[in-house]
Amino acid sequence: MVASATKLLTDRGIVPKSVMPAQDLAREDVVTVEPNTGATEIAQTMNDERVGAVVVTEDSKPVGIVTDRTLGLAVGQEDDPTSLTAEELMSEDPETVSADTEAYDLAVQFGETKVRRLPVVDDEGQLEGIVSLDDVIATNAEQLEEAAKVIEAQSPGYAPDER
């Protein structure tokens, strides 16, 4: 069924997002910090850049991720959370994906690893981008809308109920 839906879309010039590689879904301007960056600076950076996570890098390679949730929990658990650094806050050795990982495989990896963000790396492990679960969900929603257009076009008189 999926193959036939993919063929229908592709035949109509619509590239299904589920076969798109991570590099096409990922944000390339990744917000990064160094391991010695303080919690206050991390929070300010996240606020300024309007992101929910920063990737901690060493030599352009991801070594960890600090999320807004991590910062929030630190505030509630630590006597002086402002004294903490990215190295102390980060989730170490983050799961990563290659630029050619397809969207479907991204969804599987998100489910298996229970994370919402995956750094995209090249063959040498250098950071190239970051893809989020939200990116995959949004693109899948777009794909479903396109599939609905195909169904409507091929089924005269068919239209989903307006509720």
T96 side chain reached by P62 side chain, heavy atoms, under 4.5 Å | yes
Would you name the heavy atoms of G52 and M46 that are closest together and state the gap between them?
-> O-CE, 3.8 Å
Gap between atom CG of L84 and atom CG of L89 - 0.5 Å precision = 5.0 Å
Where do A53 and I65 come nearest, in terms of heavy atoms and distance?
-> CB-CG2, 4.0 Å
Test item: V55 and V31 side chains (from C-beta on) under 4.5 Å apart, heavy atoms = no
Closest heavy-atom pair and its distance - P81, A74 | CB-O, 3.8 Å
Please report the C-alpha distance between L71 and I42 in whole Å, then the side-chain angles of each, then the deciding distance to 0.1 Å, and finally whether the side chain to side chain contact (heavy atoms under 4.5 Å, CB included) criterion is met.
-> CA-CA 9 Å; L71 285 172; I42 294 169; 3.9 Å; yes
Side chain to side chain donor-acceptor pair (under 3.5 Å) evaluation trace for S132 with D134 | CA-CA 5 Å; S132 71; D134 296 356; 4.8 Å; no
Between V108 and E112, does a side chain to side chain contact (heavy atoms under 4.5 Å, CB included) hold up when you go through it step by step?
-> CA-CA 6 Å; V108 170; E112 289 176 352; 3.5 Å; yes
Report yes if the side chains of V54 and T32 come closer than 4.5 Å at any heavy-atom pair, otherwise no.
-> no
Any chance the side chains of T37 and E34 put a donor and an acceptor closer than 3.5 Å?
-> no
E41 side chain vs G38 backbone, donor-acceptor pair below 3.5 Å = no
Output yes when a side-chain donor or acceptor of T113 lies under 3.5 Å from a complementary backbone atom of Q109, and no otherwise.
-> yes
Looking at side-chain heavy atoms only, is the closest gap between L106 and V131 below 4.5 Å?
-> yes
Does a sphere of radius 6.0 Å around CG in D123 hold more than 12 heavy atoms from other residues, nucleotides or ligands, not counting ones at 6.0 Å or beyond?
-> no
Side-chain donor or acceptor of D59 paired with backbone N/O of K61 under 3.5 Å | no
Sort out for me which residue in M90, R117, R116 forms a side chain to side chain contact (heavy atoms under 4.5 Å, CB included) with T67.
-> R117
Give a yes-or-no answer on whether the side chains of S60 and T57 include a donor-acceptor pair shorter than 3.5 Å.
-> no
Partners meeting side chain to side chain donor-acceptor pair (under 3.5 Å) with N47 (sequence neighbours left out) = none
